[in-house]
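Everything on this sheet refers to the single structure shown next.
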Amino acid sequence: MGRDVIVACDFSSMEDTLSFLGKFTGRKPFVKIGMELYYAEGPAVVRELKARGHKIFLDLKLHDIPNTVKKAMAVLSRLDVDICNLHAAGTTAMMKAALEGLTRPDGSRPLLIAVTQLTSTDQEAMERDLLIKEPIKDVVMHYAKTAKAAGLDGVVCSPLEAEAVHGACGREFLTVTPGVRFSDGDVGDQKRVMTPAEAKRIGSDYIVVGRPITAADDPVAAYERCVREFVD
Ligand code: C5P
């Protein structure tokens with residue numbers, strides 16, 4: 001899979017999601033299904049969007065003991081999602097177990113990427129609540145290298161970290177980056193943002209874009225603008 005725009009379908013029901021995606025009559029966007037939609041609608045929403053021709057990043061961020069994650073990943077793999085994810089903090093053993101669970105009898109599997117430190121965690125919270133005293137930038141890079149060593153395909157990271165991740169883990173190691181905004185658009189609650197064109201320049205592999213597309217007056221035009229800036 002090459003560079004692509006992933007639309008974050010942060011809706012609370014299948015109905016709202018289908019009504020939004022129904023506007024896309026041409027190119028079918030790669031979509032991200034997160035916890036809210038998945039917990040509301042379950043596997044049916046994944047099957048429905050797959051049947052409609054969408055590629056799917058199932059963003060459930062698994063984090064549990066290796067055996068539990070392995071079995072859960074086997075279920076997600078049978079749903080035929082394209083990308084799924086977990087927390088690198090679950091350790092190498094959990095990441096390796098996840099890969100085993102994901103791998104189908106024919107050897108194929110969805111891509112598996114890791115969340116490093118959530119962008120909502122800052123240095124102070126990490127030191128106080130997690131007792132991790134290293135600079136957060138070093139922690140993110142360490143988690144990325146650990147994910148790569150465990151055999152994962154990439155990480156979710158800020159576009160501002162994508163170049164450093166590629167430097168440390170290689171060009172083929174995928175960087176999936178949220179926090180994307182148009183140069184003339186609302187930033188909203190995102191703190192550190194980049195335009196699709198900048199994300200392309202720094203070598204991001206996939207951008208995850210939510211409100212700049214879902215809340216646009218013309219979502220299809222906003223999506224096509226992202227594709228023009230980032231993919232073409
Ligand atoms: O609407 P917006 O473009 O900000 O949506 C970004 C999407 O990426 C949301 O689904 C959000 O939960 C997700 N995300 C993020 N920052 C992270 C990880 C995930 O914004 N560090």
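All values below come from the heavy atoms of this structure, side chains included, with hydrogens, waters and symmetry mates left out.
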NZ/NE/NH1/NH2 to OD/OE distance under 4.0 Å, [X] and [Y]:
X      : Y      : answer
Arg52  : Glu48  : yes
Asp64  : Lys71  : no
Asp218 : Arg225 : no
Lys200 : Asp232 : no
Arg128 : Asp122 : no

Any donor and acceptor pair, going by atom type alone, linking the side chain of [X] with main-chain N or O of [Y] inside 3.5 Å?
X      : Y      : result
Thr103 : Leu99  : yes
Asp186 : Gly188 : no
Arg104 : Asp80  : no

*Quick one: pull up CZ in Phe173 and CD1 in Ile113 and give me the separation to the nearest 0.5 Å.*
9.0 Å
*Just how far is it from atom CG of Leu49 to atom CG of Leu58, taken to the nearest 0.5 Å?*
10.5 Å
*Would a 4.5 Å heavy-atom cut-off, applied to side chains only, mark Val155 and Glu161 as touching?*
no
*Using the rule that two of Ile, Leu, Val, Met, Phe, Trp, Tyr join whenever any of their side-chain heavy atoms come within less than 4.5 Å, decide whether Ile213 and Leu37 are in one cluster.*
yes
_Atom CG of Asp184: over 12 foreign heavy atoms under 6.0 Å_ = yes
_Holding to ring pair (Phe, Tyr, Trp, His ring centres under 6.0 Å), I want the full list of residues that pass it with Tyr143, two or more places apart in sequence or in another chain._
none
